[in-house]
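To start, the structure under review is shown below, and the notes come after it.
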Amino acid sequence: MNHEVIRCEGLCVELGGAAVLRDLSFSVDEGEFLAVVGPNGGGKTTLLRVLLGLQKPSSGSVSVFGAQPGNSPGRTGYVPQRLFFDRDFPLGVMDAVLMGRIALKTPFQRYSKADREAAGEALRTVGLSSLANRRIGALSGGELQRTLIARALAGKPELLLLDEPTASVDPEMKTTIYDLLDRLRKSMTILLVTHDTGTVSRFVSRVLCLNCGMVQREAPSSRPDGQAIEQAYPYKVDLLVHHADRGRKPTSKS
Amino acid sequence: MVTDLFAYEFLRNAVFASLLASIACGIIGSYVVVNKIGFISGGIAHTAFGGIGLGYYLGINPLFGVIPFSLFAAVAIGLLSRKARVAEDTAIGAFWAVGMAAGVILIGLTPGYAPNLFSYLFGNILTVPADDLRMIFILDLCIAALTWLFSKEFLAISFDEEYAEVSGVKTTLFYLLLLCLIALTVVILMRVVGIVLVIALLTIPAAIARLFSRSLGAMMLLATILSALFSLAGLWISYQLDLASGAAIIVLAGSVFLLVHMARFVIASVRGR
């Protein structure tokens with residue numbers, strides 16, 4: 001039995017008057033490992049923000065675990081792209097990972113022994129147990145990325161959302177992170193945003209290509225059709241072409 | 001000074017006030033530094049001058065005018081910059097000047113001469129009466145208790161606000177609460193170093209402490225100790241050399257801050273060779 005974890009129907013997002021996402025419909029079932037690919041500025045991060053409840057859709061409907069996005073923080077783990085944080089922030093790796101438990105606590109509660117154990121387990125999963133007491137500003141790019149994954153895992157999420165987890169790491173670390181996600185997919189649904197279409201294809205169950213309409217606009221003669229994409233990618237592809245020029249739906253405001 | 005300490009009540013009060021103010025200063029100063037909201041704190045402090053004017057006008061202890069006024073300033077600046085899409089520095093600047101202007105007008109409307117206005121602007125720790133000492137103690141307790149209760153929320157919004165929001169933390173609410181705690185700290189520090197100099201005591205001890213701390217808790221403890229050292233040493237210098245106490249504290253703190261950074265620079269460049 002496959003439960004639906006995410007469902008988007010006719011999702012449109014406008015930022016500052018410009019349409020970033022248009023008429024996007026897709027769903028993700030429990031246990032899937034979905035990669036969202038697309039060009040820079042194609043709305044990948046915006047889609048994640050919508051799924052997290054940080055960005056309201058202009059129109060259309062979105063549900064995560066059958067509810068409004070952002071209403072089930074305890075079931076969703078989030079790994080941001082690159083944390084713009086102060087390298088001088090006085091914080092240890094363990095304390096950073098512990099923050100992944102905050103969704104499960106009420107304001108007056110303090111982190112308990114169980115929280116520390118869950119954070120320790122998350123650090124073991126990403127292979128960073130030895131750095132638990134390291135100051136977070138002293139981590140390398142790959143270590144920081146794995147710390148952020150551990151923070152998301154500490155809350156034992158059912159759905160893991162990652163924004164470009166391999167954007168700022170070396171190729172070896174990239175493989176390490178994908179191997180890690182490959183192990184995690186057995187216990188949770190994973191949605192990954194990336195522009196790295198090469199490596200990701202070996203691991204994911206499905207690829208969702210966002211905003212191919214932008215490419216279309218630049219070179220209308222070389223418009224990708226479903227067949228061409230399927231030939232280019234040796235796995236199942238959901239082709240979501242945004243009909244930017246044709247305005248297929250006169251009801252959608254633009 | 002040590003023998004004088006036992007001889008004069010005003011000196012004892014000054015020492016107690018320094019120590020109590022250092023607690024608030026270490027805790028809240030650490031949040032101010034890691035969140036980089038020094039100028040919001042400055043804005044709240046200067047707006048609080050309106051509260052002093054209000055206190056004079058109503059003929060009550062100016063501290064009772066300052067507390068509501070600075071809390072209002074904290075919430076208003078926070079809400080304006082978060083919700084009303086007013087640039088944060090615009091909101092700070094407007095409140096900063098309007099608060100001071102309101103204070104000047106209210107004091108002008110009050111008949112007679114406002115005797116220790118200067119001490120609110122630049123602090124005079126030697127004139128802290130026992131009543132104010134009790135109030136500082138109660139405010140300290142409030143600040144410490146609320147920080148202890150909500151330490152994980154404050155840490156979460158300070159380190160990664162977006163993640164905190166995604167995790168279901170009411171980030172705006174806790175941000176406003178943090179600004180209110182800053183406002184209460186301003187009220188405490190106003191007695192020690194005055195409105196104009198508050199911003200230095202909120203930032204300098206915590207900024208030095210951050211260089212040597214591995215956690216926010218350690219930073220708060222170290223900042224509290226540094227703040228107490230600066231206050232007491234500054235008080236001693238001002239007593240010996242007959243200088244304004246608030247200014248002596250700030251100049252001392254600023255000099256140590258400069259020295260620490262120069263030492264770090266020298267050490268780093270020697271190592272780098």
Side-chain angles (χ1 to χ4, degrees), chain A residues 45 48-49 51-55 64 69-112 115 133-138 144 147-148 151-152 154-155 157 161 163, chain B residues 26-27 29-38 85 145-175 177-178 203 205-223 260-261 264 268:
Chain A
T45 298
L48 264 195
R49 289 177 60 82
L51 294 176
L52 287 163
L54 292 171
Q55 173 70 49
V64 178
N71 278 5
S72 38
R75 303 171 75 182
T76 311
Y78 170 49
V79 183
Q81 177 175 11
R82 194 181 47 194
L83 191 53
F84 293 100
F85 76 104
D86 183 358
R87 290 229 155 227
D88 290 330
F89 201 103
L91 185 74
V93 169
M94 182 67 178
D95 289 329
V97 174
L98 259 181
M99 281 185 220
R101 300 287 292 177
I102 202 165
L104 308 171
K105 318 289 283 182
T106 58
F108 292 98
Q109 284 178 311
R110 304 184 75 73
Y111 294 122
S112 64
D115 294 321
N133 295 318
R134 182 76 59 92
R135 199 170 148 149
I136 194 146
L144 178 63
T147 302
L148 298 183
R151 179 176 67 171
L161 302 171
D163 194 355
Chain B
I27 296 172
S30 296
Y31 285 124
V32 168
V33 168
V34 299
N35 281 293
K36 301 189 173 70
I37 47 177
R85 297 187 182 278
L146 285 168
T147 311
W148 190 80
L149 274 178
F150 300 122
S151 59
K152 72 178 191 308
E153 281 77 15
F154 285 143
L155 178 63
I157 64 167
S158 304
F159 179 63
D160 186 351
E161 186 169 355
E162 184 186 75
Y163 189 84
E165 175 87 42
V166 164
S167 301
V169 176
K170 303 263 176 277
T171 51
T172 303
L173 184 73
F174 281 105
Y175 180 67
L177 181 60
L178 186 59
T203 51
I208 298 174
R210 181 171 65 167
L211 300 174
F212 306 101
S213 309
R214 298 172 69 90
S215 73
L216 196 55
M219 180 175 168
M220 289 173 178
L221 185 66
L222 187 54
V260 167
H261 274 276
R264 268 169 62 90

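This is a predicted model, so every value here is computed, not measured.
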Which heavy-atom pair separates [X] from [Y] by the least distance, and what is that distance?
X: A:Tyr78; Y: B:Tyr163; result: O-CE1, 3.3 Å
X: B:Glu162; Y: A:Arg49; result: OE2-NH1, 2.8 Å
X: A:Pro90; Y: B:Ser213; result: CB-O, 3.7 Å

Heavy-atom proximity to chain B below 4.5 Å, by part of A:Leu54
side chain
Measure distances from A:Arg134 to the heavy atoms of chain B and classify the residue's part below 4.5 Å as side chain, backbone, both or neither.
backbone
What donor-acceptor contacts under 3.5 angstrom involve side-chain atoms of residues 94-107 of chain A, with partners at least two apart or in another chain?
residue	atom	partner	partner atom	Å
A:Arg101	NE	A:Asp115	OD1	2.9
A:Arg101	NH1	A:Ala154	O	2.8
A:Arg101	NH2	A:Asp115	OD1	3.2
A:Lys105	NZ	A:Arg110	O	3.4
A:Lys105	NZ	A:Asp115	OD2	2.5
A:Thr106	OG1	A:Gln109	OE1	3.3

So which part of [X] gets closer than 4.5 Å to some heavy atom of chain A, the side chain, the backbone, both or neither?
X: B:Ser158; answer: both
X: B:Val169; answer: side chain
X: B:Lys170; answer: neither

Check whether any side-chain heavy atom of A:Leu91 sits under 4.5 Å from a side-chain heavy atom of B:Leu155, and report yes or no.
yes
Highest number of heavy-atom pairs under 4.5 Å with chain A among B:Val166, B:Leu211, B:Leu149, B:Leu216 belongs to B:Val166
